[in-house]
**Q** 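Below you'll find the structure I mean.
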Amino acid sequence: MLLKLLINLLWFIFGGFELALSWAAAGLVLCCTIVGIPLGIQCFKMARLVMLPLGTDVVYNMGVVKGCFNVLWACTFGLLFALISSVIGLLWCITLIGIPVGLQWFKVAKLSFMPFGTIVD
């Protein structure tokens, strides 16, 4: 419990807050248009996850329509975001101490690749 709190605090201080703020700002911009509202909602999911990722679970509940939206998302934004998050996760996993943080980056990468049909708990 204490280790999870410490890692979440370090994550928040060293980039989690800024990353969550940027995802939330992108969500607000996308929600200004009617067409962008579904994308904005996915950005808010990402902001919630990257704020404090340890102890946060992502539940996937795919369907056909959500799967189609995930394909469109992956073709436009998702692949780039997932690759960047995966590379950062691999860099964290090089050291033994960085493995818990690297695993959280992999969680972020998976959500940034397929955000539609997910619930961030």
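Below, each value reflects all heavy atoms present in this structure, side chains not excepted, and no hydrogens, waters or symmetry copies.
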**Q** Can you check whether Ile37 reaches Thr33 side chain to side chain, under 4.5 Å on heavy atoms?
**A** no
**Q** Taking the six-membered ring where the residue is Trp, are the ring centres of Trp73 and Phe77 under 6.0 Å apart?
**A** yes
**Q** Is it the case that the side chain of Lys107 and the backbone of Pro53 share a donor-acceptor pair, with hydrogens and angles ignored and the cut-off at 3.5 Å?
**A** yes
**Q** Mind checking what makes side chain to side chain contact (heavy atoms under 4.5 Å, CB included) contact with Leu52, not counting sequence neighbours?
**A** Asn8, Phe12
**Q** Are Val29 and Val50 linked, directly or through other ILVMFWY residues, by side chains that come within less than 4.5 angstrom of each other?
**A** no
**Q** If you apply the rule ring pair (Phe, Tyr, Trp, His ring centres under 6.0 Å), what do you find for Trp11 with Phe17, and how did you get there?
**A** CA-CA 8 Å; Trp11 176 284; Phe17 177 71; over 10 Å; no
**Q** Taking all non-hydrogen atoms of both residues into account, name the closest pair between Cys43 and Ala26 and its distance.
**A** SG-CB, 4.3 Å
**Q** If you count heavy atoms of other groups shown closer than 6.0 angstrom to CZ of Phe106, is the number above 12?
**A** yes
**Q** How far does CG of Leu39 sit from CZ of Phe44, to the nearest 0.5 angstrom?
**A** 11.5 Å
**Q** Determine whether Val58 and Leu49 make a side-chain contact, defined as any pair of heavy atoms from C-beta on separated by less than 4.5 Å.
**A** yes
**Q** Drop me the distance from Met51's CE to Thr56's OG1, to the nearest 0.5 angstrom.
**A** 10.5 Å
**Q** Who are the side chain to side chain contact (heavy atoms under 4.5 Å, CB included) partners of Lys66, not counting sequence neighbours?
**A** Phe116
**Q** Please round to the nearest 0.5 Å and tell me the distance separating atom CG of Leu19 and atom CD1 of Ile88.
**A** 8.0 Å
**Q** Does CD1 in Ile13 sit with more than 12 non-hydrogen atoms of other residues, nucleotides or ligands closer than 6.0 Å?
**A** yes
**Q** Where is the tightest heavy-atom contact between Leu54 and Pro100, given as atom of each residue plus distance?
**A** CD1-O, 4.3 Å
**Q** Verify the cluster assignment for Val101 and Ile84: are they in a single hydrophobic cluster under the rule of side-chain heavy atoms below 4.5 Å apart?
**A** yes
**Q** Could you state whether Leu80 and Met46 fall into the same hydrophobic cluster, counting links through intermediate Ile, Leu, Val, Met, Phe, Trp or Tyr residues with side-chain heavy atoms under 4.5 angstrom apart?
**A** yes
**Q** For residues 82-92, which residue pairs qualify under side chain to side chain donor-acceptor pair (under 3.5 Å), counting only residues two or more places apart or in two chains?
**A** none
**Q** Indicate if Trp23 and Leu83 have the same hydrophobic cluster label, given that clusters are the connected sets of ILVMFWY residues with side-chain heavy-atom separations under 4.5 angstrom.
**A** yes
**Q** Do you reckon Leu103 sits in the same ILVMFWY cluster as Leu96, going by side-chain contacts under 4.5 Å, direct or chained?
**A** yes
**Q** Restricting to non-hydrogen atoms, name the atom on Thr118 and the atom on Pro115 that form the minimum distance, rounded to 0.1 Å.
**A** OG1-O, 2.6 Å
**Q** Report yes if the side chains of Val59 and Asp121 come closer than 4.5 Å at any heavy-atom pair, otherwise no.
**A** yes
**Q** For a 4.5 angstrom cut-off between non-hydrogen side-chain atoms, does Leu111 reach Tyr60?
**A** yes
**Q** Do the non-hydrogen side-chain atoms of Gln42 and Leu30 ever get within less than 4.5 Å of each other?
**A** no
**Q** Specify the closest pair of heavy atoms between Ala82 and Phe113, including all atoms of both residues, with the distance to one decimal.
**A** CB-CB, 3.7 Å
**Q** As a quick check of understanding, evaluate side-chain contact (heavy atoms from CB on, under 4.5 Å) for Ile7 and Gln104, giving each step before the final call.
**A** CA-CA 10 Å; Ile7 293 174; Gln104 300 313 306; 5.7 Å; no
